[in-house]
Novice: 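The following block contains the structure, expressed as structure tokens.
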There are 2 protein chains.
Amino acid sequence: MNDVRPIRAKSGTNHEGTSAHNRRVMIDALRINGALSRADLARATRLTKQTVSNIIEELERDGLVSSQEAVRKGRGQPSTPYRLVPEGAFAIGLQIDRHVTRAVAVDLVGNVLVRDEAGLPAGGPSEGTKVILDLVAGVRAELAGIVQQSEKRLVGLGAAMPGPFGVAGSGDDPWMMGAWQKFPLLETLTAGTGLDVGLQNDAAAAATAERMVGAAHGLDHAVCLFVGYGIGAGLILNGELYRGSNGNAGEIGMALLFADGKSTPLEHRASLASLYQHLSADPADPDLHARIDGLALRGDPSMEAWIEAAAADLRWSIHLIETIFDPQTVILCGSAPEGLVNRLIVAIGPLLPSIAERRGRTLPRLQPGMADPWSVALGAAAGPISRAFDPHFAAILKDSR
Amino acid sequence: MNDVRPIRAKSGTNHEGTSAHNRRVMIDALRINGALSRADLARATRLTKQTVSNIIEELERDGLVSSQEAVRKGRGQPSTPYRLVPEGAFAIGLQIDRHVTRAVAVDLVGNVLVRDEAGLPAGGPSEGTKVILDLVAGVRAELAGIVQQSEKRLVGLGAAMPGPFGVAGSGDDPWMMGAWQKFPLLETLTAGTGLDVGLQNDAAAAATAERMVGAAHGLDHAVCLFVGYGIGAGLILNGELYRGSNGNAGEIGMALLFADGKSTPLEHRASLASLYQHLSADPADPDLHARIDGLALRGDPSMEAWIEAAAADLRWSIHLIETIFDPQTVILCGSAPEGLVNRLIVAIGPLLPSIAERRGRTLPRLQPGMADPWSVALGAAAGPISRAFDPHFAAILKDSR
DNA sequence: GTAATAAGTCAAGACATTTGACTTAATAAG
DNA sequence: CTTATTAAGTCAAATGTCTTGACTTATTAC
């Protein structure tokens with residue numbers, strides 16, 4: 001009688017879902033391949049020339065694509081290539097880290113147009129969100145000064161911060177950002193900006209950045225091993241970022257390693273935090289980044305000891321990632337100084353044997369990714385752009401929006 | 001001029017894709033929720049009553065669903081629930097293991113209607129495929145004897161065998177099935193049966209089985225830790241089996257563990273193969289299964305030593321799986337005897353701390369799955385059924401067949 | 001100079017979902 | 001016991017998007 005158990009089902013789809021998908025497929029194809037003609041698009045997407053023409057016309061009206069000069073490539077009418085218009089859409093990306101927050105404005109193809117950062121006060125989120133909202137407002141205003149009508153084309157705000165999210169008893173570990181985890185950040189940002197807001201962890205953001213403009217561009221299966229203050233993995237599976245059931249997939253910093261009879265989280269062994277501790281450095285020191293870069297380049301002995309130890313852990317992590325995910329490639333990226341990342345890559349080699357050793361590999365097993373303090377903010381901004389324009393299952397269904 | 005670099009793009013979709021998806025969504029909803037009325041389906045899938053009516057009518061014509069007696073549940077016209085018709089479709093599942101091969105015939109809802117097994121000769125695949133094709137033919141014939149028109153409703157043959165597939169230099173390791181890896185199995189089975197043939201590793205098959213009729217039923221994020229002759233993980237991510245870029249995702253048996261200054265694959269420490277070695281037992285002994293079950297139940301000391309060691313490795317594996325995938329639950333299954341699996345589950349507890357410890361969990365972190373020698377064959381059969389009837393992204397696109 | 005080839009358009013057609021009014025069948029209320 | 005209300009399900013027309021096949025345009029090959 002009182003059977004109110006909810007019915008679980010996937011959502012159906014209709015014409016609008018079809019059309020939305022096909023639009024996304026066009027945009028994706030142009031992003032991956034550069035400029036393409038309508039005929040090229042028709043062949044690649046298996047849609048008819050007519051359908052492609054209709055959609056391209058619509059995308060051009062919307063300011064998302066534009067035609068280039070016709071190209072003669074043999075017999076037949078010359079083709080008119082279309083390319084993505086960078087100014088077709090923008091997103092704001094926000095990185096919230098322990099001591100600093102960074103915001104960027106990014107366009108449809110991943111150009112960073114505006115960047116700004118600010119120190120985060122020790123007062124926690126209630127103080128911090130003021131700084132953050134000011135920073136975002138500043139970036140937004142600056143973008144509006146560069147591009148007219150930018151507000152109309154702003155698809156959202158992507159935020160990235162260290163995870164994991166919503167885990168019991170994680171409030172007090174100083175390695176995490178306890179107070180921030182409990183704070184209603186999404187709601188505050190939504191209310192404070194009026195934008196669609198998304199949140200992901202920093203490794204996921206780094207992976208999103210690599211997929212839009214980096215080493216994972218056009219790949220469907222790639223894992224980004226992100227070495228920052230903590231360590232995490234950003235998972236690109238089946239062409240989409242994988243989030244897990246609670247948005248915490250890839251948070252391998254908390255993985256316990258057993259050695260010498262005790263267990264230690266990976267994060268305490270191979271992360272900038274562990275390096276700072278090893279060097280007795282103050283994480284809040286603004287010159288630290290440059291200093292670390294210098295130490296790495298100079299081959300400082302204390303630094304080298306840490307690098308050897310961290311490289312061993314990373315080598316094993318990469319082995320495990322290859323074994324578990326069977327990716328096309330693994331990308332090592334981080335907010336660490338470039339000099340350090342390069343030293344790490346050298347120290348990590350040679351890789352352990354794994355199923356990644358296949359006949360006919362084309363991609364390297366391990367590639368360097370972005371080692372740029374701004375890459376997380378860029379990836380954060382890439383989130384809303386991907387949600388708005390990339391093809392994915394959920395975008396076809398009726399309940400997405 | 002000679003620019004023949006292929007254009008990479010996702011495929012577009014059209015009305016047929018829409019309709020195919022909606023049909024699959026209906027079937028999925030009925031599978032997860034049991035019988036539902038058209039009105040229920042309309043609400044759950046967000047399609048209109050009319051659309052649902054059309055699709056249900058079509059599915060009924062195709063013999064995939066049927067109506068039950070009308071139910072009065074208050075004011076308003078009584079509703080007519082529809083349910084899946086088990087006899088609506090069949091698939092053959094095939095497990096190829098080291099010393100034995102098993103085949104089953106399964107219906108749309110996962111009932112095993114026919115099962116048969118045969119020993120595999122030592123002669124390798126050229127000998128083995130004869131046995132296998134005979135076995136499949138026998139099961140098919142028996143199915144045809146039970147259900148009329150079964151051949152018309154046979155959607156495919158799913159094969160499962162230990163992986164990994166296509167890895168360089170894996171041909172000679174006696175822990176793997178070297179000769180089989182090099183053999184054109186798919187082609188041989190396709191030619192020998194005339195059916196659509198799919199291939200996956202045994203852990204993936206076990207996960208597929210758990211999703212159709214077991215602990216992962218209706219879950220979108222679950223990992224099955226499969227302890228068989230080897231060890232592997234079957235990954236259900238976003239409601240689909242994840243295969244990786246080469247179908248080897250989850251092949252954690254080859255993951256190297258470092259202890260006592262040397263590295264060992266997980267498979268050599270926690271798998272039936274390692275147990276057989278520990279007990280100096282002959283894997284080809286047909287009574288071994290029962291004997292192991294007995295030893296486990298009796299608390300045999302030698303067995304207990306192995307259990308303690310294996311449980312420690314499994315405990316850590318589960319911790320790692322939780323940390324990496326953030327699943328709703330982890331399912332321990334295997335082709336091991338049930339007594340052994342139960343002992344292992346007890347020995348594994350308590351679990352290590354991880355991000356899976358959340359406020360408001362409803363599912364247990366670790367659940368027992370099927371511990372049935374036939375579960376891999378069942379899962380192998382579930383593969384084609386899932387491909388044919390479950391909603392998934394690829395099924396919408398034009399190039400999926 | 002003509003045929004072949006390829007890009008792209010036009011207009012009609014096909015197909016699946018949606019819309020809104022309607023029918024049917026039950027319970028609740030007075 | 002009658003009537004109002006509620007909910008399931010149907011009917012027929014409308015809508016939106018892709019497809020089809022013929023046609024136009026522009027270029028190169030012979």
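Numbers restart at 1 for each chain; the letters A, B, ... are given by sequence-line order, proteins then strands.
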Novice: Ignoring hydrogens and angles, does a donor from either the side chain of A:Gln50 or the base of C:dC10 sit under 3.5 Å from an acceptor on the other?
Specialist: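 A donor-acceptor contact between them is present.
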
Novice: What class does the angle between the rings of A:Phe393 and B:His21 fall in, given that below 30° is parallel, 30 to 60° is tilted and above 60° is perpendicular?
Specialist: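 Geometry flag for B:His21 against A:Phe393: perpendicular rings.
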
Novice: Strictly below 4.0 Å: does A:Arg43 bring a side-chain N or O up to OP1 or OP2 of C:dA7?
Specialist: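 The answer is yes; a side-chain N or O of A:Arg43 sits under 4.0 Å from OP1 or OP2.
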
Novice: For B:Lys73 and C:dA25, is the shortest distance between a side-chain N/O and OP1 or OP2 below 4.0 Å?
Specialist: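 No, outside the criterion.
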
Novice: Mind calculating the distance between CZ (A:Arg75) and C1' (D:dT25) to the nearest angstrom?
Specialist: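 The distance from CZ of A:Arg75 to C1' of D:dT25 comes to 16 Å, rounded to the nearest Å.
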
Novice: Can you tell me if B:Lys49 touches the phosphate of C:dT23, counting only side-chain N or O atoms and a distance under 4.0 Å to OP1 or OP2?
Specialist: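 No, outside the criterion.
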
Novice: Is a side-chain donor or acceptor of B:Asn238 paired with a backbone partner of B:Glu240 at a separation under 3.5 angstrom?
Specialist: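 Not a single qualifying donor-acceptor pair exists.
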
Novice: Of the nucleotides C:dT18, D:dC18, D:dT20, which one has an atom closest to the side chain of B:Leu47?
Specialist: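 For B:Leu47, the side-chain atoms sit closest to C:dT18.
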
Novice: Would you mind classifying the nucleic acid contact of B:Thr51 as base, sugar-phosphate or nothing, using non-hydrogen atoms under 4.0 angstrom?
Specialist: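 If one applies the 4.0 Å heavy-atom cut-off, B:Thr51 turns out to touch a base.
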
Novice: Using Watson-Crick or G-U wobble geometry with both distances under 3.5 Å, which nucleotide pairs with C:dG30?
Specialist: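 Its partner is D:dC1.
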
Novice: Can you tell me how far C1' of C:dA14 sits from CD of B:Glu16, to the nearest Å?
Specialist: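 Nearest whole value for this atom pair: 11 Å.
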
Novice: Show me, pair by pair, the donor-acceptor contacts under 3.5 angstrom made by side chains of residues 26-38 of chain B, not counting sequence neighbours?
Specialist:
residue : atom : partner  : partner atom : Å
B:Arg31 : NH1  : B:Leu108 : O            : 2.7
B:Arg31 : NH2  : B:Leu108 : O            : 3.4
B:Asn33 : OD1  : A:Arg8   : N            : 3.0
B:Asn33 : ND2  : A:Arg8   : O            : 2.5
B:Asn33 : ND2  : B:Ala29  : O            : 2.9
B:Ser37 : OG   : B:Ala39  : N            : 3.4
B:Ser37 : OG   : B:Asp40  : N            : 3.0
B:Ser37 : OG   : B:Asp40  : OD2          : 3.3
B:Arg38 : NE   : B:Tyr82  : OH           : 3.3
B:Arg38 : NH1  : B:Ser53  : OG           : 3.1
B:Arg38 : NH2  : B:Tyr82  : OH           : 2.7

Novice: Here's a test of your reading of the structure: between B:Arg46 and A:Thr80, which maps to the more 5' nucleotide of DNA chain C?
Specialist: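 Residue closer to the 5' terminus by nearest nucleotide: A:Thr80.
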
Novice: For B:Ser79, report the nucleic acid contact type (base, sugar-phosphate, nothing); a contact means any heavy atom under 4.0 Å.
Specialist: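 Contact class for B:Ser79: sugar-phosphate only.
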
Novice: Hey, is the main chain of A:Gln328 close enough, under 3.5 Å, to the side chain of A:Arg361 for a donor-acceptor pair?
Specialist: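 Between the backbone of A:Gln328 and the side chain of A:Arg361 there is a qualifying donor-acceptor contact (under 3.5 Å).
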
Novice: Below the 4.0 Å mark, does D:dT19 have OP1 or OP2 next to a side-chain nitrogen or oxygen of B:Asn14?
Specialist: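 Affirmative; the distance criterion is met.
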
Novice: Just checking A:Asn22: base, sugar-phosphate only, or nothing, at a heavy-atom cut-off of under 4.0 Å?
Specialist: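 The answer is sugar-phosphate, as A:Asn22 gets under 4.0 Å only of primed atoms, P, OP1 or OP2.
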
Novice: Counting only side-chain heavy atoms from C-beta out, which of C:dA16, C:dT17, C:dA7 sits nearest to B:His15?
Specialist: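 Selected nucleotide (nearest to the side chain): C:dA16.
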
Novice: Identify which nucleotide among C:dA26, C:dG8, D:dT17 has an atom closest to any side-chain atom of A:Arg38, counting heavy atoms from C-beta outward.
Specialist: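 Per side-chain heavy atoms of A:Arg38, the pick is C:dG8.
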
Novice: Any side-chain donor paired with an acceptor under 3.5 Å for A:Glu58 and A:Asn54?
Specialist: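 There is no such pair between these side chains.
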
Novice: Need to verify one output field. Residue with the more 5' nearest nucleotide on DNA chain D, B:Tyr82 or A:Ile55?
Specialist: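 That would be B:Tyr82.
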
Novice: Please pick, from C:dT24, D:dT20, D:dT27, the nucleotide with the shortest atom-to-atom distance to any side-chain atom of A:Thr48.
Specialist: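 My answer, after comparing the listed nucleotides, is D:dT20.
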
Novice: Of the options C:dT27, C:dA7, D:dT17, whose atoms approach the side-chain atoms of B:Arg72 most closely?
Specialist: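 Closest nucleotide among those given: C:dT27.
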
